[in-house]
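Have a look at the structure below before the remarks.
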Amino acid sequence: MPSATTSALFTPIKIGQHLLKHRVVLPPMTRMRADDHGNPTEQYAEYYKQRATPGGLLLTEATAISPSAGAFPHTAGIYTNDQIAAWKKVTDAVHEKGGIIFVQIWHGGRASFSFLLPDNQSTVSASDIAIEGNSPFGAPYEKPRALEVEEIKSIIQDFVQAAKNAIAAGFDGVEIHGANGFLVDQFINTSSNKRTDQYGGSIENRTRFALEVVDATTKAIGDDKTAIRLSPWGGFHDMKDDTALATWSYITEQLEKKHPHLAYLHFIEARSDPMTDTPTELKEGEKTETLDPFRALWSGPFISAGNYTYDMKSVFDRAESSPNNLVAIGRAFIANPDLVERLRNNWKLNPYDRATFYTSGPEGYTDYPFYDAKN
Ligand SMILES: Cc1cc2nc3c(=O)[nH]c(=O)nc-3n(C[C@H](O)[C@H](O)[C@H](O)COP(=O)(O)O)c2cc1C
């Protein structure tokens with residue numbers, strides 16, 4: 001591994017208005033420790049503060065843009081004054097340490113459940129197609145209702161309001177959750193979008209919702225405070241697109257053309273599956289499923305995520321080989337609050353404990369040990 005003094009991983013890069021001091025990013029990770037009203041609890045400030053470094057970028061867990069947007073129990077929102085006030089404690093704590101923090105703004109669409117939504121309302125999506133089988137939490141997925149065009153416009157406004165709330169809460173920007181089979185992704189993929197109106201069919205139509213969310217959000221808070229996460233090769237929540245390379249190339253080209261000054265684009269690598277504990281190799285015929293084509297179409301900062309947890313050398317290599325790249329490391333950052341220092345010094349890592357990813361309380365959240373040379 002190259003040493004921290006020579007590695008590209010520890011060279012500065014500009015994100016929006018911020019000059020980062022290194023390229024190690026905390027990716028969005030749902031930990032389900034909010035209270036019953038979607039307020040971040042006191043532990044949140046501690047968790048994010050532990051992981052903050054001077055000039056380091058943190059992304060929050062997926063955060064609901066409205067009462068109808070959450071998809072798991074005890075996830076946080078950013079649509080009430082109390083939530084904004086609670087998030088302010090988190091952003092203050094991160095800023096005190098010189099860190100930069102974006103909130104991931106999210107609508108779950110058909111990955112949600114009626115019992116999580118106001119008045120037991122039906123889940124919604126691009127089309128009325130359910131995700132096959134049961135959720136990781138046991139319940140069978142429900143058949144969603146296809147959104148009307150006016151409802152799509154209203155959800156875009158929910159993204160805008162969430163972005164404004166994020167700025168009021170002291171966030172440095174927002175990352176639109178366009179990945180992992182949630183609502184924005186459900187519009188993009190052919191497996192979940194069978195619409196015949198202007199939001200379905202052609203690549204231009206399937207990507208319209210994602211690009212309209214970006215247009216509206218940037219108009220409200222600025223390009224340099226807006227980013228989007230995408231997963232072209234992802235299979236979560238039954239995602240499958242017949243034209244994946246062309247679809248996400250189109251999105252990237254459109255963003256490069258209309259919003260070249262977005263804070264960053266965040267892409268997830270093929271076969272990234274944080275639900276398992278071993279990396280899934282690309283099979284013969286899948287080797288072309290890399291992020292290179294999208295990276296080549298984007299001139300700004302580019303975050304790669306997925307499977308870097310397994311191999312810290314791959315983190316250094318990615319930064320070395322891709323000049324505008326940052327690297328998001330998920331599960332290893334859960335288990336190592338001082339991951340950046342451990343990488344800088346080539347210190348050994350704590351293993352993560354999957355059993356506490358989604359429990360409540362500090363165990364597996366804020367109690368992972370910092371490096372101690374004596375242990
Ligand atoms: C516990 C857990 C929760 C996650 N929650 C989110 C989320 O809220 N939003 C999101 O975009 N990705 C989420 N992910 C995916 C991570 O951001 C990341 O892409 C993934 O863990 C792959 O990186 P890794 O291999 O370094 O862990 C989650 C992953 C884990 C392990």
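Numbering of ligands and ligand atoms starts at 1, following listing order. The structure presented is a predicted model; accordingly, all values stated were derived computationally and were not measured.
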In terms of atom number and element, which parts of ligand 1 are under 4.0 angstrom from non-hydrogen atoms of Gly330?
23 (O), 24 (P), 26 (O), 27 (O)
Atom 31 (C) of ligand 1: closest protein heavy atom, distance to 0.1 Å, is Arg331 CG, 3.5 Å
Which residue, Tyr48, Tyr264, Phe171, forms the ring pair (Phe, Tyr, Trp, His ring centres under 6.0 Å) with Phe102?
Tyr264
How many angstroms lie between atom CG of Leu326 and atom CG of Leu265, to the nearest 0.5 angstrom?
11.5 Å
Using 30° and 60° as the class limits, which term best fits the ring planes of Phe267 and Phe294: parallel, tilted or perpendicular?
parallel
Under 4.0 Å between a Lys/Arg side-chain N and an Asp/Glu carboxylate O for Arg51 and Asp338?
no
Give the numbers and elements of all ligand 1 atoms closer than 4.0 Å to a heavy atom of Gln104.
7 (C), 8 (O), 9 (N), 10 (C), 11 (O)
Tell me the protein heavy atom at minimum distance from atom 10 (C) of ligand 1, and give that distance in Å.
Arg229 NH1, 3.1 Å
Enter the distance from Arg271:CZ to Leu282:CG here, rounded to the nearest 0.5 Å.
6.0 Å
Looking only at protein heavy atoms, identify the closest one to atom 28 (C) of ligand 1 and say how far it is in Å.
Met29 CG, 3.7 Å
Residue pair Phe159, Val174: steps toward the side-chain contact (heavy atoms from CB on, under 4.5 Å) verdict:
CA-CA 10 Å; Phe159 273 102; Val174 303; over 6 Å; no
Measure centre to centre between the rings of Phe113 and Tyr141, then say whether the value is under 6.0 Å.
yes
Would you mind checking which non-hydrogen protein atom is closest to atom 5 (N) of ligand 1, with the distance to 0.1 Å?
Thr30 N, 2.8 Å
Any atoms of ligand 1 less than 4.0 Å from a non-hydrogen atom of Ala62? List them with their elements.
8 (O)
Relative to the ring of Phe182, is the ring of Trp106 parallel (under 30°), tilted (30 to 60°) or perpendicular (over 60°)?
perpendicular
Following the transitive rule for hydrophobic clusters with a side-chain heavy-atom cut-off under 4.5 Å over Ile, Leu, Val, Met, Phe, Trp and Tyr, establish whether Val94 and Phe370 coincide in one cluster.
no
Heavy-atom nearest neighbour in the protein, as seen from atom 16 (C) of ligand 1, with distance rounded to 0.1 Å:
Pro28 O, 3.6 Å
Taking atom 21 (O) of ligand 1 as the reference point, the nearest protein heavy atom with its distance
Pro274 CB, 3.5 Å
For the CH2 atom of Trp233 and the CH2 atom of Trp248, what is their distance to the nearest 0.5 Å?
8.5 Å
In terms of atom number and element, which parts of ligand 1 are under 4.0 angstrom from non-hydrogen atoms of Thr309?
24 (P), 25 (O), 26 (O), 27 (O)
Considering the heavy atoms of Tyr358, write down every atom of ligand 1 situated less than 4.0 Å from one of them.
1 (C), 2 (C), 3 (C)
Below the 3.5 angstrom mark, is there an N/O of His177, backbone or side chain, next to an N/O of ligand 1?
yes
At less than 4.0 angstrom from any non-hydrogen atom of Ile329, what atoms of ligand 1 do you find?
26 (O)
Please verify whether a non-hydrogen atom of Ala179 lies at under 4.0 Å from ligand 1.
no
Numbering as shown, the atoms of ligand 1 that approach Asn180 to under 4.0 Å (heavy-atom distance)
10 (C), 11 (O), 12 (N)
Pull out every atom of ligand 1 sitting under 4.0 Å from any heavy atom of Ser272, numbered as shown with elements.
22 (C)
